[in-house]
Amino acid sequence: MKVMERLKAILKKERKKRTEGGHPWVFASEIERMDGEGRPGQLVDVVNHQGRYLATGYWNPQSQIAVRIVDYKPIEAMDEAFFAERFRQCAEHRGRFVNGEDCRLVYGEADFLPGLIVDRFGGVLVIQVLTLGMETHREALVNALISVFEPKGIYERSDVSVRKLEGLEERTGVLYGECPRIIEIRENGLLMEVDIVEGQKTGYFFDQRENRASIEPLMRGWGARSGIKLERRMREELPAGGEAVARELGGAAGDDTGAAPAPEVLVPVNANGKVVTFPHWDGATVLECFAHTGSFTLHACKFGAKKVTCLDVSEHAIETARRNVASNGFEDRVEFVVADAFDYLRMQVKGQEERAERARAGAAGTTKTDTSKALGGGGRTWDVVILDPPAFAKTKSAVAGAVRGYKDINLQGLKLVNEGGYLVTASCSYHMQPDLFLETIQAAAADAGKILRLIEWRAAGKDHPQIVGVGEGHYLKFGIFEVRSRS
């Protein structure tokens, strides 16, 4: 079928050949002229200065990103059939790589649908329509979502400032079916509550799913640092709860032949020789900052953490985290703090410094330190400190300030990691390039007097694929570092 003639975006001869390399954005500064007639939001063909076809995308003369590519071969229309085919491709990818129904179904440019985000929570789809081109084709895309995914409801969360750059107003609300405000999902076997109306972005951050699971090895192996070791004790001498701990170690049951259990079992014993009955005796102490709804906290508990401090500045977020913790039965191991993370970390560091100064004064026998003065409330440390802040750099001009912010938060966090413990740190600012983020962490370590060993360096999960060569899509950086003192 012959494709109808349409408006053409003719690119300048003197430009970087980004479109030929697969980059999905054509900036207004790259266009020599527009040839023909067409309406903003509609499809245009992109051609080079010689008139050779390169791609098809939708056009918005009001945006700096004048054309967003949807295909590299001519297409007639972004109609319901077009969207249905793209959505089936999205479903196939998630079915192959994502375990479970709850995930990001459509990830904008990386799924060849620029300007559209779709997350699935239970049977409800939450969408963000970010661009004029997608807004123009709203009816077709919603109908295709219904036909391909058969949701119970579709809720819109297009309450994002980027729409203003496209000449659009923010909007939210039910687009289809029934959309309860609170939806329960599962991630890595954990129950989580999502508020699709008031929660951040679409209600939850799926991009860290695999990263949250990656902290599992950090959560166990800490008992020896508390003076706990494994010894054999007579079963009949075990205190209440000792049998359960022995069972966890595989020593409380008989073998498969039906023989009676051995009279001796392996149990954890503290420095005083007493059997430890707390089931998470080998677990880490963990601080999660910028917790949002407590997803890292839940994973830490699932993997065996002994005690977790869950901190966020939002009371609403912490209340959701409380419910999530209760739903999974972790209440006895989690404390909640509503505070600014920067202030909280600085308070702990200050308390640590006060204690160190008092200890030095005592050892030197000086009287400079007033020991009658009560110590501040800080001074705590943890085996694992997790920092997952919101984006510090939302524009290129904000990068310098973001570097200062990331250095500060990591500097304070590093000072609070117990010797040989771990810093888990992330940045979701796509203007903060991976090398720059790593350099910033290294600078923080130098100032903190720490040596870091990089254990793992990760990006967003498999439901957030990346187009190679498109740096703007590489927004999430996630690292796990072992922390040691230089002296």
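In this text the structure is predicted, and so the values were computed from the model without any measurement.
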Please determine whether the number of non-hydrogen atoms from other residues, nucleotides or ligands lying under 6.0 Å from atom NZ of Lys462 exceeds 12.
no
Okay, side chain of Arg163, backbone of Glu169: is any donor-acceptor separation there less than 3.5 Å?
yes
Does Asp332, at its CG atom, have more than 12 non-hydrogen atoms belonging to other residues, nucleotides or ligands within less than 6.0 Å?
yes
Decide if atom CD of Glu319 counts as having more than 12 heavy atoms of other residues, nucleotides or ligands within a radius under 6.0 Å.
yes
In this structure, which one of Arg209, Glu187, His292 forms a side-chain hydrogen bond (donor to acceptor under 3.5 Å, both in side chains) with Tyr204?
Glu187
Counting only heavy atoms not in Glu335, do more than 12 sit closer than 6.0 Å to its CD atom?
yes
Between Glu30 and Arg18, does any side-chain N to carboxylate O distance fall below 4.0 Å?
yes
So which pairs with a foot in residues 114-133 pass side chain to side chain donor-acceptor pair (under 3.5 Å), sequence neighbours left out?
Tyr58-Thr131, Glu101-Arg120, Arg104-Asp119, Asp119-Thr202
Tell me if a side-chain donor or acceptor on Ser327 pairs with a main-chain N or O of Leu191 at a distance below 3.5 Å.
no
Please confirm whether the backbone N or O of Phe205 pairs with a side-chain atom of Gln208, one donor and one acceptor, at under 3.5 Å?
no
So Val349 and Leu416, do their side chains get closer than 4.5 Å, heavy atoms only?
yes
Is the number of heavy atoms from other residues, nucleotides or ligands within 6.0 Å of NZ (Lys201) greater than 12?
no
Tell me, do Ile65 and Val26 make a side-chain contact under 4.5 Å, heavy atoms counted?
no
Under a 4.5 Å cut-off applied to non-hydrogen side-chain atoms, are Cys301 and Val325 in contact?
no
Determine whether a donor-acceptor pair (N or O, by modelled atom type, separation under 3.5 Å) exists between the side chain of Asn60 and the backbone of Pro40.
no
Charged N to carboxylate O below 4.0 Å: is that the case for Arg346 and Asp408?
yes
Just say parallel, tilted or perpendicular for the rings of Tyr344 and Trp382, cut-offs at 30° and 60°.
tilted
Under 30°, 30 to 60°, or over 60°: which ring-plane class applies to Phe97 and His93, parallel, tilted or perpendicular?
tilted
Please say whether more than 12 non-hydrogen atoms of neighbouring residues, nucleotides or ligands are located less than 6.0 Å from CD in Glu170.
yes
So Phe87 and Phe149, would you call those rings parallel, tilted or perpendicular, with 30° and 60° as cut-offs?
tilted
Can we say Glu210 and Arg458 salt-bridge, meaning some charged N sits less than 4.0 Å from an Asp/Glu carboxylate O?
no
Could you tell me whether Glu193 and Arg323 make a salt bridge, using a distance below 4.0 angstrom between a side-chain N and a carboxylate O?
yes
By ring pair (Phe, Tyr, Trp, His ring centres under 6.0 Å), Phe437 pairs with (sequence neighbours left out) Tyr406
Answer yes when Glu439 and Lys407 have at least one side-chain N-carboxylate O distance shorter than 4.0 Å, and no when they do not.
no
Taking the inter-plane angle between the rings of Trp222 and Tyr422 on a 0 to 90° scale, is it parallel (under 30°), tilted (30 to 60°) or perpendicular (over 60°)?
perpendicular
Could you list the residues that satisfy side-chain hydrogen bond (donor to acceptor under 3.5 Å, both in side chains) with Arg68, not counting sequence neighbours?
Glu109, Glu166
For the side chain of Asn324 and the backbone of Thr293, is there at least one donor-acceptor N/O pair under 3.5 Å apart?
yes
Is there a donor-acceptor pair closer than 3.5 Å between any side-chain N or O of Tyr72 and the backbone N or O of Leu54?
no
Geometric class of the Trp457/Phe481 ring pair [parallel <30°, tilted 30-60°, perpendicular >60°]
perpendicular
Salt-bridge contact Asp195-Arg181 (side-chain N to carboxylate O under 4.0 Å)
yes
Okay, side chain of Thr56, backbone of Asp71: is any donor-acceptor separation there less than 3.5 Å?
no
Ring centers of Phe121, Phe206 separated by less than 6.0 Å
yes
Does any part of the side chain of Thr381, heavy atoms only, come nearer than 4.5 Å to the side chain of Val417, both counted from C-beta?
no
Carboxylate-amine/guanidinium contact Asp45 Lys8, below 4.0 Å
no
Any side-chain heavy-atom pair of Tyr107 and Arg94 under 4.5 Å:
yes
The test is salt bridge (Lys or Arg N to Asp or Glu O under 4.0 Å); show your working for Glu288 and Arg212 and say whether it passes.
CA-CA 12 Å; Glu288 181 191 7; Arg212 293 175 190 122; over 6 Å; no
Does a side-chain N-to-carboxylate-O contact under 4.0 Å join Arg15 and Glu20?
yes
Sidechain-backbone polar pair: Lys152 side chain, Leu125 backbone, donor-acceptor under 3.5 Å
no
So among Arg157, His137, Glu135, which one has a side-chain contact (heavy atoms from CB on, under 4.5 Å) with Val129?
Glu135
Any side-chain heavy-atom pair of Leu130 and Val160 under 4.5 Å:
yes
